[in-house]
Amino acid sequence: MRIVCPYCGNDSDFYEVAEEVTITTFYVQNEDGSFTATSDESEILGGVHFYCGECHQELKEYHDHFLQMLF
């Protein structure tokens, strides 16, 4: 089942907004003094909201389906 925004009909562009997020990025320093990220971790302490990428309406009723369809 495809998600279709009930407000504008968009069926391709969506986004999530996470609140109260801590992102930790790990780096290694290279021989020339530059840095390269080796990994990162994120911890979401607040809510996560799902929005239409066209009209920006919150689509909370579709968020569970969206999460199930992430591959």
Side-chain angles (χ1 to χ4, degrees):
M1 174 184 107
R2 288 180 64 84
I3 295 174
V4 178
C5 176
Y7 302 98
C8 72
N10 167 50
D11 68 349
S12 61
D13 298 311
F14 302 91
Y15 62 95
E16 279 185 305
V17 174
E19 299 172 344
E20 299 180 44
V21 177
T22 300
I23 298 173
T24 304
T25 305
F26 298 91
Y27 297 90
V28 62
Q29 184 167 225
N30 303 310
E31 290 296 322
D32 65 359
S34 65
F35 289 84
T36 301
T38 57
S39 66
D40 58 35
E41 297 174 2
S42 60
E43 180 179 11
I44 300 170
L45 302 174
V48 179
H49 305 277
F50 185 61
Y51 293 91
C52 173
E54 295 291 323
C55 71
H56 309 289
Q57 289 289 320
E58 184 173 5
L59 303 174
K60 61 184 169 194
E61 63 272 23
Y62 298 105
H63 194 226
D64 285 340
H65 179 69
F66 165 75
L67 293 174
Q68 292 171 3
M69 298 305 293
L70 284 175
F71 299 106

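Just so it is clear, the structure is predicted and the values come from calculations on it, not from any experiment.
- Residue pairs satisfying the salt bridge (charged side-chain N to carboxylate O under 4.0 Å, His left out) criterion with at least one member in residues 33-45, sequence neighbours excluded, are absent.
- When hydrophobic residues (I, L, V, M, F, W, Y) are linked wherever their side-chain heavy atoms come within less than 4.5 Å, the members clustered with Phe71 are Met69.
- Membership of an apolar cluster is not assigned to Met1, as no side-chain contact below 4.5 Å to another ILVMFWY residue is traced.
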Scan the side chains in residues 22-36 for donor-acceptor partners under 3.5 Å anywhere in the protein, sequence neighbours excluded, and list what turns up.
unit_1: Asn30; atom_1: ND2; unit_2: Ser34; atom_2: O; d: 3.3
unit_1: Asn30; atom_1: ND2; unit_2: Ser34; atom_2: OG; d: 2.9
unit_1: Asn30; atom_1: ND2; unit_2: Thr36; atom_2: OG1; d: 2.9
unit_1: Asp32; atom_1: OD1; unit_2: Ser34; atom_2: N; d: 2.9
unit_1: Asp32; atom_1: OD1; unit_2: Ser34; atom_2: OG; d: 2.6

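- With hydrophobic clusters built from ILVMFWY side chains whose heavy atoms lie under 4.5 angstrom apart, Tyr7 shares a cluster with Ile3.
- For residues 62-71, the pairs satisfying side-chain hydrogen bond (donor to acceptor under 3.5 Å, both in side chains) are Glu16-His63, with sequence neighbours left out.
- Of all heavy-atom pairs between Ile44 and Val48, the closest is CG2-CG2, 3.8 Å.
- Among pairs with a residue in residues 1-12, those fulfilling salt bridge (charged side-chain N to carboxylate O under 4.0 Å, His left out) read Arg2-Asp11, at least two apart in sequence or across chains.
- When all heavy atoms of Val4 and Gly9 are compared, the closest pair comes out as CG1-O, 3.6 Å.
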Name every donor-acceptor pair, under 3.5 Å, that has one atom in a side chain of residues 50-59 and the other anywhere in the protein, sequence neighbours excluded.
unit_1: His56; atom_1: ND1; unit_2: Tyr15; atom_2: OH; d: 3.0
unit_1: Glu58; atom_1: OE2; unit_2: His49; atom_2: ND1; d: 2.9

